[in-house]
Structure formats: C-alpha cells, structure tokens
Amino acid sequence: MTATHRTWWFPDNTVLCNFAAVDRLSLLEKVLDSRGRWTQAVAYEATRSARYLPRLRTVAADGWLGKPIEIDDPHETQLVDRLRRLVFAGDPARPLQHLGEAETLTLLQKPPGKTRAGWMTHHGGAGPGAPPHGGGF
C-alpha cells in the first residue's frame, strides 16, 4: 500500500484504557505502526483516565498517536454535538459525554480521499453511523 493510500486508526479512550490496564500499550503502539491518531476530546479523556491508569500518560508523552486533531469548523462542531446526542445518547447537560466518539465519527464520515481511516472502539452502537469501510479526512 502506498503512502498516498495510508489508513489511519483511531482508538477510543476505552480501547486505550483497556491496553493500559493490562500494561500492553506498547502492543497497541506496535500494531498501529505509526498509523494511530486521536481527536482532541479522546486525548483529553485519556488525560483524565490517567488519574486511574497512570500508564496512559505515556501515550501523549511518546507521541505515537500524533497531535490531537481539533475540530474547529462551526459546521463540523454542530455535527459533533448532534452525533454525540443522537447516536451516542449524550446528555445535553453533560457536553463532554461521548464527545470523543462523536468527534471520531465526524472525521470518519468525511468522504475518503488520499487518506482512509478506521475506528478501534468498544461501541457496538457506533457501527450504524460509521461508514462501512472507513472514511477519510
């Protein structure tokens, strides 16, 4: 596969926590093979989870998921909130609830270009909203 058709993988915070809980983040890093990415919300969730799973601190420090992707386009920000509430049943009074999932799904719903993306998640409910073969960004 050429570099112009590289597939990026987005693990959600629960995936990161599960690998951290069994001290196997190095395995996830190896499997991702420099193809891992994360959104700003997932990075924030991992920072919060690091209070309970200190190994998560190494993810940002080592940089193997790259710089967190920020969604700042007003149209995409509205889409993120709509997905957060409708697909993931996020509470309107808790704006951070399921924000990482909604940001990731927003990125995955973009039409594929030169870059394709896939999602590593524990959310079975994410399937209906995610493109069948991944999206692009």
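Quantities reported herein were computed from a predicted structural model and do not represent experimental measurements.
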Item to check | Test log, rule side chain to side chain contact (heavy atoms under 4.5 Å, CB included), inputs Trp119 and Leu105 | outcome: CA-CA 8 Å; Trp119 194 0; Leu105 184 54; 4.1 Å; yes
Checklist entry - Can you tell me how far the CG atom of Leu79 sits from the OG1 atom of Thr106, to the nearest 0.5 Å? => result 4.0 Å
Item to check | Glu101, Glu103, Glu70 screened by side chain to side chain donor-acceptor pair (under 3.5 Å) with Thr39, the one that passes | outcome: Glu103
Checklist entry - Quick one: does Arg57's side chain have a donor or acceptor within less than 3.5 Å of a partner on Leu53's backbone? => result no
Next on the checklist: Distance check, rounded to the nearest 0.5 Å: Arg85 atom CZ versus His98 atom NE2?
Outcome noted: 13.0 Å
Checklist entry - Going only through I, L, V, M, F, W and Y residues with side-chain contacts under 4.5 Å, is there a path from Leu83 to Leu86? => result no
Next on the checklist: Looking at every non-hydrogen atom in both residues, tell me the closest pair between Trp64 and Thr58 and how far apart they are.
Outcome noted: NE1-O, 4.3 Å
Checklist outcome for this item: Taken to the nearest 0.5 Å, the spacing of Arg84 CZ from Arg94 CZ works out to 9.0 Å
Next on the checklist: A cation-pi test, strictly: NZ or CZ of Arg37 under 6.0 Å from the centre of the six-membered ring of Trp8 and no more than 45 degrees from its axis. Yes or no?
Outcome noted: yes
Item to check | Connected via hydrophobic side-chain network under 4.5 Å: Tyr44 and Leu65 | outcome: no
Item to check | Inter-residue atom distance Thr14.OG1 - Phe19.CZ, 0.5 Å rounding | outcome: 12.5 Å
Item to check | Minimum heavy-atom distance Val15-Pro11, with the two atoms named | outcome: CG1-CB, 3.9 Å
Checklist entry - Heavy atoms, side chains only, cut-off 4.5 Å: are Ser49 and Leu16 in contact? => result no
Checklist entry - For Arg51, does the CZ atom sit with more than 12 other heavy atoms under 6.0 Å from it, leaving out its own atoms? => result yes
Next on the checklist: Could you check whether any side-chain heavy atom of Val42 comes within less than 4.5 Å of a side-chain heavy atom of Phe10, counting everything from C-beta outward?
Outcome noted: no
Item to check | Heavy-atom closest contact (His75 atom, Asp73 atom, distance) | outcome: N-OD2, 3.0 Å
Checklist entry - Less than 4.5 Å apart, any side-chain heavy atom of Val59 and any of Trp38? => result yes
Next on the checklist: Minimum heavy-atom separation for Gly100 and Glu45, please, with both atom names.
Outcome noted: N-OE2, 3.2 Å
Checklist outcome for this item: Output for pair (Gln109 CD, Leu107 CG), nearest 0.5 Å, gives 10.0 Å
Checklist entry - For Gly118 and Thr7, which heavy atoms make the closest approach, and how far apart are they? => result N-CG2, 4.3 Å
Item to check | 4.5 Å side-chain heavy-atom contact, Arg55 and Asp23 | outcome: yes
Next on the checklist: Using side-chain heavy atoms (C-beta onward) and a distance below 4.5 Å, is Leu32 in contact with Met120?
Outcome noted: yes
Checklist outcome for this item: d(Asp91 CG, Gln97 CD) to nearest 0.5 Å is 5.5 Å
Item to check | Heavy-atom side-chain proximity of Thr121 to Thr104 below 4.5 angstrom | outcome: no
Checklist entry - Donor-acceptor pair, Asn13 side chain versus Ala46 backbone, under 3.5 Å? => result yes
